[in-house]
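These values consider heavy atoms only, across backbone and side chains, with no hydrogens, waters or symmetry-generated copies. What you see is a predicted model, and the numbers here were worked out from it, not measured in a lab.
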Amino acid sequence: MSEEATYFWTKVMDGKTRLGLTKAGQDELGTIKFAHLPSVGDKVTKGKTLISVEAEKAVSDIDSPVSGEVVAVNPQLANDFDSLNSEEEADAWLVDIKEA
């Protein structure tokens, strides 16, 4: 299993791919204190860094599982990163990407 498959779940919706943090990713990282996310309009490349996270167990760069353009960033992450630590995996979404 690749690192991306460990950390991210993906869901295709309305022609976009939503990426979120898996429970396995949450468990491996611990409580996330900070995440540096791409901005809307940024281009991302499969296998290149998508996000950098600072968590209680590790500071990690996590690579994107897809290539494309960021079309949305979870607005909950503008103020804090609690949703990335949520028990509800669907709340722990990061970005929507329109795949290239």
What's the spacing between L94 CG and L37 CG if we round to 0.5 Å?
6.0 Å

Those residues at least two apart in sequence (or on a different chain) that pass side chain to side chain donor-acceptor pair (under 3.5 Å) with T17 are E99

Who pairs with V40 by side-chain contact (heavy atoms from CB on, under 4.5 Å), at least two apart in sequence or on another chain?
V73

E69: what forms a side-chain contact (heavy atoms from CB on, under 4.5 Å) with it, not counting sequence neighbours?
K43

Rounded at 0.5 Å granularity, tell me how far OG in S52 sits from CG in L50.
9.0 Å

Hey, could you give me the NZ/CD distance between K23 and E28, rounded to the nearest 0.5 Å?
14.0 Å

Considering all heavy atoms, the nearest W93-L84 contact:
O-CD2, 4.2 Å

Exercise: identify the closest heavy-atom pair between K33 and E56
NZ-CB, 3.8 Å

Give a yes or no on whether F8 and V59 share a hydrophobic cluster (residues Ile, Leu, Val, Met, Phe, Trp, Tyr; joining criterion: side-chain heavy atoms under 4.5 Å apart).
no

Taking D42's backbone N and O only, do any of them form a donor-acceptor pair with S39's side chain (distance below 3.5 Å, no angle check)?
no

How close do L21 and E89 get, counting heavy atoms only, and between which atoms?
O-CG, 3.5 Å

Rounded to the nearest 0.5 Å, how far does OG1 of T49 lie from NE2 of H36?
10.0 Å

So, does D91 use its side chain to make a donor-acceptor pair with the main chain of S83 at under 3.5 Å?
no

Taking it one step at a time, do I51 and Y7 satisfy side chain to side chain contact (heavy atoms under 4.5 Å, CB included)?
CA-CA 11 Å; I51 65 167; Y7 286 107; over 6 Å; no

Provide the closest heavy-atom pair for V44 versus V66 in the form atom of the first, atom of the second, distance.
CG2-O, 4.0 Å

Over all heavy atoms of both residues, which pair between A35 and V53 is shortest? Give the atoms and the distance, please.
CB-CG1, 3.9 Å

How many angstroms lie between OG in S86 and CD in Q26, if you round to the nearest 0.5 Å?
7.0 Å

More than 12 heavy atoms of other residues, nucleotides or ligands under 6.0 Å from CG of D27: is that the case?
yes

Could you point out which residue of N74, D96, T10 forms a side-chain hydrogen bond (donor to acceptor under 3.5 Å, both in side chains) with R18?
D96

Nearest atoms (heavy-atom pairs only) where L29 meets S60
CD2-OG, 3.6 Å

